[in-house]
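Reading through the structure tokens given below for one structure.
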Amino acid sequence: AETAMHYMPERVELVSLSEAIQRCQACDLHRHATQPVFGEGPSDARLVLVGEQPGDQEDRQGRPFVGPAGKLLDQALQRAGIRRDAIYVTNVVKHFNFTEATGARGIRRLHQKPNVREVFACRPWLEAELALIQPQVIVCLGATAAQSLFGRDFQISKGRGKLIATDWCERTIATWHPSAILRMPDQARKSEMEQQLFDDLVRANNASH
Ligand code: URA
């Protein structure tokens with residue numbers, strides 16, 4: 001199967017990668033997405049956050065975590081004393097994947113979970129980002145990112161909050177995806193998850209210095 005390797009620039013730098021990914025057709029997601037959403041942040045970031053895939057707002061703006069999940073993430077980062085412009089934020093899959101649903105508010109683009117093929121095809125971009133940045137700590141937001149770095153069997157509910165060595169970083173930690181918190185109907189559970197996201201970000205940040 002084709003992967004993003006085919007589109008890698010000769011000189012691997014964040015700028016050349018973000019230009020090269022504009023041409024990526026390693027999977028079919030480029031057909032319907034507005035643009036790829038590459039990672040954002042300094043190349044010497046000590047902390048890297050990895051999400052799943054851009055959502056509707058990210059697809060329109062071309063930047064990661066700028067929609068509702070991004071707002072929740074920004075609040076948690078601020079509370080944890082982490083400056084967003086000091087960290088690197090990216091996703092496992094770089095193109096938005098959606099189905100259209102017609103409802104009372106018109107046509108909405110509903111996010112779809114990326115499949116194994118899309119994750120596989122896109123992986124070289126994430127690997128290139130991590131190899132370049134060599135962060136002190138990686139935070140996986142949600143199961144897609146966590147399974148991508150820890151392996152298929154990883155469950156956030158069981159494994160979150162622990163700093164574990166992976167091929168990518170001595171200290172890799174998984175936590176709740178902000179969207180999972182936003183979707184949680186049970187208020188008490190929701191507050192608990194928010195607190196855990198905060199705790200995990202604090203732990204990650206402390207381990208990065
Ligand atoms: N959800 C993600 O996983 N990533 C984004 O960039 C936005 C929403």
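In each ligand, atom 1 is the first atom listed, and ligand 1 is the first ligand listed. Starting from 1, each residue takes its place in the sequence as its number. Note that these values count all heavy atoms, side chains included, but never hydrogens, waters or copies made by symmetry.
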Residues that Gln147 engages under side-chain hydrogen bond (donor to acceptor under 3.5 Å, both in side chains), provided they are two or more places apart: none
Kindly print each ligand 1 N/O atom paired with any protein N/O atom under 3.5 angstrom away, one pair per line, or none if nothing qualifies.
residue: ligand 1; atom: 1 (N); partner: Gln53; partner atom: O; Å: 3.4
residue: ligand 1; atom: 1 (N); partner: His177; partner atom: NE2; Å: 3.4
residue: ligand 1; atom: 3 (O); partner: Glu52; partner atom: N; Å: 2.8
residue: ligand 1; atom: 3 (O); partner: Gln53; partner atom: N; Å: 3.3
residue: ligand 1; atom: 3 (O); partner: Gln53; partner atom: O; Å: 3.3
residue: ligand 1; atom: 3 (O); partner: Asn91; partner atom: OD1; Å: 3.3
residue: ligand 1; atom: 3 (O); partner: His177; partner atom: NE2; Å: 2.7
residue: ligand 1; atom: 4 (N); partner: Gln53; partner atom: O; Å: 3.0
residue: ligand 1; atom: 4 (N); partner: Asn91; partner atom: OD1; Å: 2.7
residue: ligand 1; atom: 6 (O); partner: Phe65; partner atom: N; Å: 2.9
residue: ligand 1; atom: 6 (O); partner: Asn91; partner atom: ND2; Å: 2.9

Atom pairs and distances, side-chain donor-acceptor, residues 64-74, under 3.5 Å, sequence neighbours left out:
residue: Lys71; atom: NZ; partner: Val66; partner atom: O; Å: 3.2
residue: Asp74; atom: OD1; partner: Arg84; partner atom: NH1; Å: 3.1

Among residues at least two apart in sequence or on other chains, which ones pass side-chain hydrogen bond (donor to acceptor under 3.5 Å, both in side chains) with Asp28? Arg31
Are Arg109 and Phe98 in a cation-pi setup, meaning NZ or CZ lies under 6.0 angstrom from the ring centre and within 45 degrees of the ring axis? yes
Intermediate values then yes/no, salt bridge (charged side-chain N to carboxylate O under 4.0 Å, His left out), Lys94 and Glu58: CA-CA 10 Å; Lys94 308 303 204 243; Glu58 289 78 17; over 6 Å; no
Does the side chain of Val137 come within less than 4.5 Å of Asn206's, by heavy atoms? no
